[in-house]
Amino acid sequence: MSLLEVKNLYKSFGGLQAVCDVSFNVQDGMIKALIGPNGAGKTTLFNLISGVLKPDRGEIFFNGLPIHSIPQYKIASYGIARTFQHIRLFPKMTSLENIMIGRHTHTKAGFISCMLSLPFTWKEEKLVREKSMELMKFLGVSELASIDALSLSYGQQRIVELARALACEPKLLLLDEPAAGLNMRETREMGEFISKIREMGITVLLVEHDMSLVMKISDEVLVLSYGQKIAEDNPLSIQKNKEVIRVYLGE
Amino acid sequence: MNTKKKYIQLSLFLSIIIFIQLLTYFTGCEYHLTQLTMSAYYCLLIIGLCLLMGYAGQISIGHAGFFAIGGYISAFLTTYDLSQYKDKTILILFSKIGAALFRQDLYGGKVLNFHPWAAALIAIILTIIIAILIGSPVLKLKGHYLAMATLGFGIIVYRIVLGTEKFGAADGISDIPPFPLLFGIEVNGKPVMRVWNYYISWSIVFITMTFLINLINSRVGRALYAIHGAEDASRAMGVDTREYKLKTFVLSAVLASVGGIFLTHYNGGIGPSEASVIKSVKYVAIVAIGGMANLWGSLVMGLILNFLSLRGYFGTYDDAVFGAILIIIMLFAPEGLLKVKLFDFIKYVSFRSKKSV
C-alpha cells in the first residue's frame with residue numbers, strides 16, 4: 001500500500017512553473033530519493049508535502065487522507081516530520097531541548113495546566129526527556145545533550161536535527177539534503193542512520209545531491225527537471241536512463 | 001530547570017519582599033511603601049510583557065493600552081452613577097447578586113455603582129476580547145511591522161481615553177472606591193493600610209511569578225522559545241504557532257489589565273497618562289534591561305526602576321532616562337544588565353590597559 005500519494009501537483013511562483021503535473025507514490029517502508037539539477041523543484045515539492053506551501057492544483061494523500069489543504073502545523077500530527085536544507089535548529093536551546101520539541105505532538109499539557117504545574121505535566125515532561133535521551137543514544141550523540149545546539153559542529157547539528165524529526169515518531173520522514181555540508185565520513189554515517197531508520201519501520205523520502213549516497217541507500221529514485229517528472233525507477237535503471245543522463249550531463 | 005532551583009528563587013524573592021518592608025520600618029521611611037506597592041502593579045505588566053517579548057519573541061509597544069483598559073473600565077464602572085437605570089430588570093438582578101450597590105460619593109450623595117469585583121471581572125473579560133481582536137490580525141506580522149501595529153493600538157487607546165467625556169478626558173477618573181478583599185482588608189491608598197497593601201500587591205506578583213516560572217519550564221514554554229528561535233521549524237514540529245502567540249498575547253494583556261485595575265483602586269484614580277505611548281516604551285525598556293528572556297531580571301528591574309521613577313529621582317528627565325536606558329542596553333548589554341559578565345569586563349579592561357603599556 002502506498003503511504004504517500006501525490007497526484008497531478010502544480011505550483012508556480014509568478015511566471016515560473018516550479019512543479020508541473022507531478023504524480024508519484026511512496027510505498028510504505030521504502031527509501032525514496034528525489035533528485036534533479038538545481039532549480040528542478042525538489043525543495044518546492046518538499047514544501048508542498050510538508051504543508052509550508054499550498055499547491056495551485058493537485059492533491060496529496062497521506063495514509064489515504066488528503067493533506068494538501070490543512071494548516072502546516074497539523075502535518076506533524078498526521079505523522080510526517082522533516083529536516084531542512086539549511087539547518088533550522090532552535091537557538092539558545094540545548095540539543096536535548098531541541099529534540100524535546102519534537103515530542104510536542106505526543107504531549108498535551110496546555111497553558112493552564114503548565115502554569116499550575118499539574119502532576120500529569122511532570123509525568124509527561126519526564127517521559128519526553130527519557131524518550132529524547134533515548135534518541136540521542138540511538139544516534140550516538142548523548143554526550144551533546146546539555147550543549148547549546150547552535151554551538152555544535154555542522155555534522156552534529158545535522159544529527160540533532162534528525163533526532164528532533166525522529167522524536168515526532170513519524171511514519172514518513174522527509175530529509176532535505178541530509179548530507180549537504182558533511183564530509184565523507186559523516187556522509188557515510190548519515191547513510192547508515194537512514195538505513196537504520198528504515199529498519200525501524202519509518203518510510204523515508206529524501207532530496208540529495210550526493211549520488212553515491214542516493215544510489216547506495218534508496219529503493220527508488222524520482223528524477224525532476226524543470227518541475228516535471230522525467231523518470232522514476234530503481235537506482236540501477238536510473239543510472240542507465242538516457243533522459244536522466246542528458247539532463248545531468250547535457251547532450 | 002529543576003524544581004529545587006525554582007523553590008530557592010521563589011523563597012529568596014519572598015524574603016526580599018519581607019526584608020524591604022522591615023527595612024522601611026526600621027529606617028522610618030515607611031512612606032516608601034506606597035511607591036513600592038505601585039511598582040508591584042507595574043511589575044505585573046512587566047513580567048507579562050517579558051513572557052511575550054523574551055520568550056514568545058513578539059514585541060508589543062502598546063501594553064500601556066491594556067493597562068489603561070483594565071484601569072479605566074473598572075474605574076468607570078465603579079464610579080458611573082447608574083441610579084437613573086435602577087428600575088431596569090438587569091440592574092435589579094445585578095443588585096440582587098451584589099454586582100451593583102449603592103454607596104456614598106464624596107459629597108454625601110447616594111449613587112448606584114458596580115461592585116469593584118464585578119467591575120474587575122468585566123474589565124478582564126473586555127481585555128481578553130480586545131486582546132483577541134487586536135492580536136489575531138497583528139500577530140501575523142513580524143519585527144518592525146508588529147512593533148508599529150501594536151504602537152498604533154497604544155495610540156488609539158490613548159486618544160480614546162483622552163477624548164472621551166465619560167472617561168474624564170484629560171482629568172481622568174477619580175473618587176474610585178477601594179477594592180474590598182477578605183476580612184475588611186481593602187486595596188486602597190489609606191496610610192493605615194499601607195503595609196497591608198504592600199503585601200497584597202507583592203503577593204499577587206509572587207503568585208503570578210510562580211505561574212509564569214512554571215509555564216516557561218514546561219512544554220508550553222519550550223514551544224514558545226522554539227517559536228522565538230525558528231517559527232517555521234516549530235510549525236514543522238507540530239506547534240500551532242498562531243494559537244501559542246495569541247494565547248501569550250492575551251495572557252500578557254490580562255496581566256497588564258489586572259495591574260491597571262488594582263493600581264487604579266489603590267490610587268483612587270486614573271489619568272490618561274497611564275495609556276500614553278511613552279509608558280509602553282518605558283515597559284519595553286525595563287524588559288530589555290532585565291534581559292528580555294529573563295523573568296527575574298525584568299522583575300528586579302521593574303521594581304528598582306519603577307520605584308526610582310515614582311519617587312521622582314529622574315525628575316523631569318524621567319522619559320529621557322528610559323530612552324537612554326534603551327539605547328545603552330541595546331548597544332552594550334543586549335542580554336540585559338544582570339547578564340553583563342562583570343568578570344569578563346574587568347578582564348577586558350585590564351587586558352587593554354596592559355596592552356597599552
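Within every chain, numbering begins at 1; the chains are lettered A, B, ... in the order of the sequence lines, protein sequences first and strands thereafter.
Heavy atoms only, all atoms of each residue included: B:Gly238 and A:His104 are closest at O-CD2, 3.5 Å. Closest of all the heavy-atom pairs between A:Phe90 and B:Ala226 is CD2-O, 3.4 Å. Heavy atoms only, all atoms of each residue included: B:Leu215 and A:Cys114 are closest at CD1-CB, 3.8 Å. Closest approach of A:Pro91 to B:Gly229, counting heavy atoms only: CD-CA, 3.5 Å.
The distance from atom CE of A:Met115 to atom CD1 of B:Ile213, rounded to the nearest 0.5 Å, is 13.0 Å. One distance of note links CG of B:Asp240 with CD of A:Gln72; it measures 11.0 Å at 0.5 Å rounding. The structure places CE of B:Met237 at 9.0 Å from CZ of A:Arg82, a figure rounded to the nearest 0.5 Å.
Put simply, of A:Ile112, A:Thr107, A:Asn98, A:Thr105, the one with the most heavy-atom pairs under 4.5 Å next to chain B is A:Thr107. By number of non-hydrogen pairs under 4.5 angstrom with chain B, the leading residue of A:Arg164, A:Lys74, A:Glu124 is A:Arg164. Between chain A and the residues B:Leu251, B:Thr210, B:Val220, the largest count of heavy-atom pairs under 4.5 Å involves B:Val220.
Proximity to chain B (any heavy atom under 4.5 Å) is restricted, for A:Val128, to the side chain, taken from C-beta onward. Neither the backbone nor the side chain of A:Ser77 comes within contact range of chain B, judged by heavy atoms closer than 4.5 Å. Interface remark: A:Arg103 contributes no atoms to any contact with chain B (heavy atom separation under 4.5 Å). Interface residue A:Lys92: backbone and side-chain heavy atoms are both found under 4.5 Å from chain B.
In this structure, A:Lys108 places its NZ atom where only 12 or fewer heavy-atom neighbours from other residues, nucleotides or ligands lie under 6.0 Å away. Around OH of A:Tyr154, the count of heavy atoms belonging to other residues, nucleotides or ligands within 6.0 Å exceeds 12. Around atom CZ of A:Arg198, more than 12 heavy atoms belonging to other residues, nucleotides or ligands sit under 6.0 Å away.
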Let's go through B:Asp232 and A:Arg88 carefully: what are the C-alpha distance in whole Å and the side-chain angles of both, what is the deciding distance for side-chain contact (heavy atoms from CB on, under 4.5 Å) to 0.1 Å, and is it a yes or a no?
CA-CA 8 Å; B:Asp232 52 347; A:Arg88 300 289 283 146; 2.7 Å; yes

Verify salt bridge (Lys or Arg N to Asp or Glu O under 4.0 Å) between B:Arg222 and A:Glu125, making sure each step is shown before the conclusion.
CA-CA 11 Å; B:Arg222 199 162 49 234; A:Glu125 199 64 9; 2.6 Å; yes

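In this structure, A:Leu116 and B:Phe211 have side chains that are in contact, with non-hydrogen atoms separated by less than 4.5 Å. Side chains of B:Thr248 and A:Phe111 form a contact here, defined as non-hydrogen atoms less than 4.5 Å apart. Counting heavy atoms from C-beta on, the side chains of B:Ser218 and A:Thr121 never come closer than 4.5 Å.
With hydrogens and angles ignored, the 3.5 Å screen pairs a side-chain donor or acceptor of B:Arg219 with a backbone N or O of A:Ala109.
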